[in-house]
Amino acid sequence: MADITASEIERLQKSLQRLLGSTKLTVNPPLRKGMSVEIAVAGEVIGTVYRDEDDGEVSYAVNITVLEEDLPPA
C-alpha cells in the first residue's frame, strides 16, 4: 500500500465533497508516518482511505465505519 500525497488528499477531499454533497467532509492526512488517512464529517472521524497502485493504475478505497450504538433505535 502506497502513501497518499498532500496533493492527492486535497483532490480526494474535493471529489468526495462533490460526490457526497457535503462541504463538512474532510480528508485528513495521517498524524504520523504509517498511520491511516482519515475521513471526517464536521470533525468526527467516520472512516479511512487507502491508496492502491496496480500495473500503473491508482485507486482509492474508502472504508466507512458505523457503530451499532450510533444507529437510531429499532
Side-chain angles (χ1 to χ4, degrees):
M1 191 168 350
D3 290 337
I4 300 176
T5 67
S7 173
E8 288 173 302
I9 288 172
E10 183 179 330
R11 292 170 43 226
L12 276 168
Q13 179 172 298
K14 287 178 184 176
S15 180
L16 290 171
Q17 286 175 339
R18 185 178 58 250
L19 179 67
L20 299 174
S22 177
T23 57
K24 294 180 180 182
L25 183 142
T26 58
V27 178
N28 305 318
L31 298 175
R32 292 186 307 276
K33 186 151 179 77
M35 294 182 71
S36 298
V37 172
E38 296 178 331
I39 296 177
V41 175
E44 182 176 347
V45 175
I46 62 166
T48 52
V49 179
Y50 300 96
R51 182 184 191 274
D52 185 48
E53 188 170 349
D54 187 29
D55 294 332
E57 292 185 9
V58 176
S59 64
Y60 304 90
V62 176
N63 182 20
I64 296 176
T65 302
V66 178
L67 300 175
E68 194 277 333
E69 64 190 42
D70 292 335
L71 296 176

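Position 1 is the first residue of the sequence; numbering continues from there.
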>> Exactly one of L12, V27, T48 should register a side-chain contact (heavy atoms from CB on, under 4.5 Å) with V37. Which one does?
In response: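 It is V27; the other options fail the test.
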>> Holding to side-chain hydrogen bond (donor to acceptor under 3.5 Å, both in side chains), I want the full list of residues that pass it with S15, two or more places apart in sequence or in another chain.
In response: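 If we apply the side-chain hydrogen bond (donor to acceptor under 3.5 Å, both in side chains) test to S15, skipping adjacent residues, there are no hits.
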> How close do R51 and V58 get, heavy atom to heavy atom, and via which atoms?
Replying inline: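 So the minimum-distance heavy-atom pair works out to NH2-CG2, 3.4 Å.
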What is the distance from atom [atom1] of [X] to atom [atom2] of [Y], rounded to the nearest 0.5 Å?
X: R18; Y: L25; atom1: CZ; atom2: CG; result: 12.0 Å
X: D3; Y: M35; atom1: CG; atom2: CE; result: 13.0 Å
X: E10; Y: T5; atom1: CD; atom2: OG1; result: 9.5 Å

> Are the side chain of T26 and the backbone of N28 linked by a donor-acceptor contact shorter than 3.5 Å?
Replying inline: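 Side chain of T26 to backbone of N28, a donor-acceptor pair under 3.5 Å: no, none is there.
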Please check if [X] and [Y] belong to a single hydrophobic cluster, counting links between Ile, Leu, Val, Met, Phe, Trp and Tyr side chain heavy atoms closer than 4.5 Å.
X: I39; Y: L20; value: yes
X: L31; Y: I4; value: no
X: L71; Y: V45; value: no

